[in-house]
Structures are given as structure tokens and as C-alpha cells.
Amino acid sequence: MQTKQVIITAPEKVSLVDIDVDACLQPEEFLVTKEYSFISAGTELSIYTGVEPLAHIPGSWCAYPCVRGTPP
């Protein structure tokens, strides 16, 4: 199964990439699909705009390229 993922690559720059999703689920797991997502007014927006200082430090939790969320 394929889906799309947004990656914040630099301040005010994003990339949309196709990724494969492993649909092999354990008995206690389930797969949820969503139709829409958005950039939160807090964390994602500060990374997208470049306001978050850690986004500019390689190896930090939100360094560019920054993948937010977890693919299914």
C-alpha cells in the first residue's frame, strides 16, 4: 500500500513523497487512514517557518529535512 508524506525540507519549503506502508498488522494493531492533515499552529508551523532554532541544528529532533508524524 502506498501513501504520501510531507517532509519539511527547509524554511517555507516542503516536499511530498510517496512511501510504502507495511500493512502486515499484529492482532492488537489496526490501520487508520485519513483524508486530510494540516500543519499545527505550534510545532509544525515553527519548524516550517524556520522560527524553531533546533530545526537548523543537524541531528536535533526537528532538523531539516523534518518528517512529522509517523507513517502508518
Side-chain angles (χ1 to χ4, degrees):
M1 175 184 202
Q2 280 206 320
T3 190
K4 299 206 181 286
Q5 186 172 47
V6 175
I7 300 173
I8 304 171
T9 57
E12 299 186 18
K13 295 192 184 294
V14 296
S15 182
L16 187 62
V17 297
D18 293 318
I19 60 169
D20 290 318
V21 176
D22 182 6
C24 297
L25 303 174
Q26 298 299 315
E28 67 278 358
E29 297 176 326
F30 59 96
L31 181 62
V32 175
T33 60
K34 58 186 172 239
E35 292 187 31
Y36 302 98
S37 186
F38 61 93
I39 293 177
S40 75
T43 306
E44 286 87 4
L45 184 59
S46 67
I47 297 166
Y48 172 74
T49 59
V51 172
E52 171 58 63
L54 292 175
H56 305 277
I57 300 173
S60 72
W61 67 272
C62 61
Y64 301 120
C66 181
V67 178
R68 298 302 298 155
T70 305

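Along the sequence shown, residues are numbered consecutively beginning with 1.
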Identify the heavy atoms of [X] and [Y] that sit nearest to each other, and give their distance.
X	Y	value
G50	Y64	CA-OH, 3.4 Å
C62	E52	SG-CG, 3.6 Å
P11	T49	CB-O, 4.0 Å
A63	P58	CB-CA, 4.1 Å

### Query
Can you find a heavy atom in the side chain of C66 that is under 4.5 Å from one in the side chain of Y48?
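In short, these two side chains do not touch, never coming nearer than 4.5 Å.
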### Message
Let me check something: do V14 and V51 share a hydrophobic cluster, defined by ILVMFWY side-chain heavy atoms less than 4.5 Å apart, either directly or through other members?
### Response
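No, separate clusters.
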### Query
Would W61 end up clustered with I8 when hydrophobic side chains under 4.5 Å apart are linked, directly or stepwise?
yes
### Task
Not counting sequence neighbours, which residues clear side-chain contact (heavy atoms from CB on, under 4.5 Å) with I57? List them please.
L54, S60
### Query
Given the rule in the side-chain contact (heavy atoms from CB on, under 4.5 Å) test, do D18 and K4 qualify, once you have shown the distances and angles that lead to the verdict?
CA-CA 5 Å; D18 293 318; K4 299 206 181 286; 2.6 Å; yes
